[in-house]
Amino acid sequence: MRSYIKRLACFASLLLAGSLLHGCFSVMSYQTADTLPKGGVEYAMGWSTTKIDSLEVTDDNGNISEFEESDELGFIPNVFPDIMMRFGLGEDTDIGFKLHFMGLQGDAKFRLVHTPTFSMALAPGISYSRPLFIFNEYGVDLPILFTIRLSDSFSFYGGLKGRFSGWNLALVAQNSGGTSEEQNLYTFAVGGHVGMSFGGKRWFIRPEVGYLHYVLGFNGPCEGGVKIGLLSIGLGFGFHFGVEDDEQTEKIERLEKRLDNLEEKKQPGPEAQENTTKPAGSEKEAIRKRADESFEDLKKEEEKREE
């Protein structure tokens, strides 16, 4: 328990430090379609760079406006990392949070398909960000995620999503002579991401590429059309805690199965039952108890190594 508290305190300090550092947009996912087991915790960080391809809107009268600082926008590096955390709630459900400079995202993941080689999930979420202090965006994401596992340590992953967003930013109309005016925009975007996941049971590294393109505007300042594109490249890594040792669990399950089979085959007759000084299941229970104690010892040893 003390080890877990130390890890949680360390992560809280990272959150505080990250919230004070400079960054920018964060549209990366770093998520596969798989969920954490119940009680599992994931800590992760990711670095990325984002290119704003264009930022142009057309109003309901056909007038075209551009973001007033469009000429200065290219690839914007996220020098300091996004900080992410996920919690396993059940066999096919977890929730996650991501903190970046002047921004926060949250989502809930529901795994719908799970086989040894393929998984698929839905992960609706909400977000708010204010890149570079010069405009802000808030939105709702509706992604579908997939994972293709090629081995225990390598898989391809990706996803497609729709995004409803609200923006507040200064726009310059082409026929205004350079005068800017703050506008509220309501838009819809489509996009996706692909990546590769390397790692083991307790860690991962994930290079990823994502693209998001805003295609529809719903109110007057952007009702005539939207041209906003975001291209992102990133690298994330993370660690899993509180996850059971599958190998040890499988050994205990195999042992219990063998004990059940032996008990069924034994089936002592009436005379043997009268002469037996121990209950028929006492030996089996003793073996199970020793197996459980061995499993607990392994967990304690692992906690000591982590401390």
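For the pair Arg86 (side chain) and Thr35 (backbone), a donor-acceptor distance under 3.5 Å is absent. Between the Thr49 side chain and the Ile233 main chain, no donor and acceptor come within less than 3.5 Å of each other. With hydrogens and angles ignored, the 3.5 Å screen pairs a side-chain donor or acceptor of Asp59 with a backbone N or O of Asn61. Without hydrogens or angle criteria, Asp94 side chain to Leu36 main chain gives a donor-acceptor distance under 3.5 Å.
Rounding to the nearest 0.5 angstrom, the gap separating the CG atom in Asn168 from the CG atom in Asn136 is 5.0 Å. How far CG of Asn219 is from CH2 of Trp167: 13.0 Å, rounded to the nearest 0.5 Å. Atom CZ of Phe198 and atom OG of Ser153 lie 9.0 Å apart (nearest 0.5 Å). Considering NZ of Lys109 and OG1 of Thr32, their distance stands at 4.5 Å, rounded to 0.5 Å. Interatomic distance, CG of Leu212 versus NE2 of His193, reported as 12.0 Å (0.5 Å rounding). Atoms CZ and CZ, from Phe188 and Phe164 in turn, are 5.0 Å apart once rounded to the nearest 0.5 Å.
Side-chain contact between Cys222 and Gln183 is absent, with no heavy atoms from C-beta onward closer than 4.5 Å. In this structure, Phe146 and Val113 have side chains that are not in contact, with every pair of non-hydrogen atoms separated by 4.5 Å or more. Taking the side chain as every heavy atom from C-beta outward, Asp141 and Asp107 never approach each other to under 4.5 Å. With contacts defined as side-chain heavy-atom distances shorter than 4.5 Å, the pair Met196/Phe154 qualifies. In this structure, Phe110 and Thr93 have side chains that are in contact, with non-hydrogen atoms separated by less than 4.5 Å.
Tested against Ser127 for a side-chain hydrogen bond (donor to acceptor under 3.5 Å, both in side chains), the candidates Gln105, Glu137, Arg163 yield a single pass: Arg163.
Classification of the Phe204-His240 ring pair by plane angle, with boundaries at 30° and 60°, yields tilted.
Here the shortest heavy-atom pairing between Tyr30 and Ser48 reads OH-CB, 3.9 Å. Pairing each heavy atom of Tyr186 with each of Tyr138, the nearest pair is CE2-OH, 3.6 Å. Closest approach of Ala123 to Leu145, counting heavy atoms only: CB-CD1, 3.9 Å. When every heavy atom of Thr147 is checked against every heavy atom of Ala33, the shortest pair comes out as OG1-N, 2.8 Å. Across Gly242 and Arg202, no two heavy atoms sit closer than the pair N-NH1, 4.5 Å. Minimum heavy-atom separation, Gly229 to His213: CA-ND1, 4.0 Å.
Val194 is not connected to Phe237 by any chain of hydrophobic side-chain contacts under 4.5 Å among Ile, Leu, Val, Met, Phe, Trp and Tyr, and they are in different clusters. Transitive grouping of hydrophobic side chains (ILVMFWY, heavy atoms separated by less than 4.5 Å) keeps Leu55 and Leu216 in distinct clusters. Put simply, Phe239 and Met85 are part of the same group of oily side chains (I, L, V, M, F, W, Y) that touch within less than 4.5 Å, one to the next. Hydrophobic clustering (ILVMFWY, side-chain heavy atoms < 4.5 Å, transitive): Val209 and Tyr211 are in one cluster. Note: the hydrophobic cluster containing Ile64 does not contain Tyr214 (ILVMFWY, side chain heavy atoms under 4.5 Å, direct or indirect links).
For the residue pair Ser29 and Arg206, no side-chain donor N or O sits within less than 3.5 Å of a side-chain acceptor on the partner.
Environment of CG in Leu112: crowded, with over 12 heavy atoms of neighbouring residues, nucleotides or ligands closer than 6.0 Å.
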